Amino acid sequence: MRLNSLPCPVPAEALLPSTLTRAGIQPTAPVGVFDSGIGGLSVLKALHAELPLEHFVYLDDSGFAPYGERGDAYVTERSRVVTQHLRRHHGIKALVIACNTATMAAVAQLRTEHPDLPIIGVEPGLKPAAAASHTKRVGVIGTRGTVTSAKFHALRRSLQDQAEYVVQPCDGLADAIHRSVASADLSNAIALCQKYISTMGRFGAQAGEIDTLVLGCTHYVFVQDQLAALVGPQVQIVSTGEPVARHTRRLLEAAQTLASAGPGRVQLTTTGDPALLQAAARCWLGFATEPAFEVRPEQALPLGL
Ligand code: DGL
């Protein structure tokens, strides 16, 4: 499967010119969205569908990715650097952490450091999956950082009477998906999906089989069709973009900072390769963005400042 065989609904000439961002928290300020790479585009797509009047600024931290196998201290520090950058340079009015790994490692720290900023995290949809499952056997795939985190264990424990969870860390899968954009070839990512899915036991609608699969990493949405083909048509796939977008709307409403006039602009920034982010966005978002550009966030201020 070649990536460039996917439909690319946004022609390059439809891209909007760059404009300056505003400073200060006001309804017209942007919502910041970040991920270790392109995975968070799946969340950005749902956010834009739910909140078409909002201006979004997306930060792809692929210059420092992957997060998933790096450990909490590293991921927390990157999350702090990126959040401070989005506040200082874009005056964001809310932050969506479009990354399960960063949410698990850093959401508590970020909320402590930015008590005035609404912060929305993403976490694997164990609860909706348990509700949707008939066999009460739910598969969960995610990065090692996510599925070994204390926050994930607490979530799993709190739902242990609702379903049995078969959890599989997928080392290297997010990175393979990211690289597939550069190489325009998904075959490595598909091979990893096959390897990990085959270790999880039987999928299907019969008692004892896994009938629901949770995508616990935002990158995995981009191989959702390939995963669906591997697990079969009787297995439902649960991802979290839409509930996160609805939650973001509720928080903006509560803070009375919902944008009331559009259209919203979408700005793409990256610590990695802007051409790669632009290519992924053009193929997968389905709406026009401003041209992606590179950013170099400064070191984060020390804790407590
Ligand atoms: N997209 C990120 C997540 O949802 C992780 C990707 C990575 O390993 O960097 O967990």
Side-chain angles (χ1 to χ4, degrees), residues 32-47 58-83 95-108 110 119-126 129 140-153 155-156 167-182 186 188-189 192-193 196 213-224 227 237-245 247-248 268 270-273 276-277 280-281 284-285 297:
V33 183
F34 85 89
D35 179 42
S36 62
I38 57 171
L41 292 176
S42 59
V43 179
L44 180 63
K45 185 172 183 167
L47 285 163
Y58 183 83
L59 198 150
D60 150 359
D61 198 25
S62 53
F64 297 83
Y67 286 179
E69 292 115 54
R70 282 247 167 78
D72 277 7
Y74 178 90
V75 176
T76 300
E77 193 48 23
R78 286 311 306 163
S79 302
R80 296 182 65 239
V81 167
V82 162
T83 303
L95 176 73
V96 178
I97 309 174
C99 174
N100 294 262
T101 313
T103 300
M104 296 294 155
V107 69
L110 293 180
I119 298 181
I120 301 98
V122 301
E123 59 182 28
L126 268 53
V140 185
I141 53 176
T143 68
R144 186 166 294 278
T146 292
V147 303
T148 60
S149 67
K151 199 166 159 57
F152 179 82
H153 286 307
L155 177 67
R156 184 179 179 175
V167 180
Q168 177 63 53
C170 299
D171 292 342
L173 180 54
D175 192 41
I177 292 168
H178 189 88
R179 286 173 195 279
S180 73
V181 178
L186 272 176
N188 283 344
L192 284 175
C193 290
Y196 292 126
L213 178 67
V214 175
L215 306 187
C217 170
T218 52
H219 279 68
Y220 302 170
V221 176
F222 296 116
V223 287
Q224 182 161 338
L227 287 165
I237 295 191
V238 173
S239 58
T240 37
E242 283 159 20
V244 164
H247 187 53
T248 305
L268 302 176
T270 179
T271 57
D273 178 0
L276 203 144
L277 175 60
W284 288 330
L285 284 181

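These figures come from a predicted structure and were not determined experimentally. Start at 1 and go down the list; that is how both ligands and their atoms are numbered.
Listed by chain and number, the residues in a side chain to side chain donor-acceptor pair (under 3.5 Å) with Tyr58 amount to none (sequence neighbours excluded). Residues passing the salt bridge (Lys or Arg N to Asp or Glu O under 4.0 Å) test with Asp175 are Arg179, sequence neighbours excluded.
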Hey, can you pull the donor-acceptor pairs under 3.5 Å for the side chains in residues 141-150, sequence neighbours left out?
unit_1, atom_1, unit_2, atom_2, d
Thr143, OG1, Thr101, OG1, 2.9
Thr143, OG1, Thr146, N, 3.1
Thr143, OG1, Thr146, OG1, 3.2
Arg144, NE, Asp171, OD1, 3.0
Arg144, NE, Asp171, OD2, 3.1
Arg144, NH2, Asp171, OD2, 3.0
Thr146, OG1, Thr101, N, 3.2
Thr146, OG1, Thr101, OG1, 3.3
Thr148, OG1, Arg144, O, 2.6
Ser149, OG, Thr146, O, 2.8
Ser149, OG, Phe152, N, 3.1

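Listed by chain and number, Asp35, Ser36, Pro66, Tyr67, Gly68, Cys99, Asn100, Thr101, Thr143, Ala174, Cys217, Thr218, His219 each place a non-hydrogen atom less than 4.0 angstrom from ligand 1.
Closest approach of Asn100 and Cys217 over heavy atoms only: ND2-CA, 3.3 Å.
Atom CD of Gln224 has more than 12 heavy atoms from other residues, nucleotides or ligands within 6.0 Å.
The aromatic rings of Phe222 and Trp284 lie parallel to each other, their planes meeting at an angle below 30°, with 60° marking the opposite boundary.
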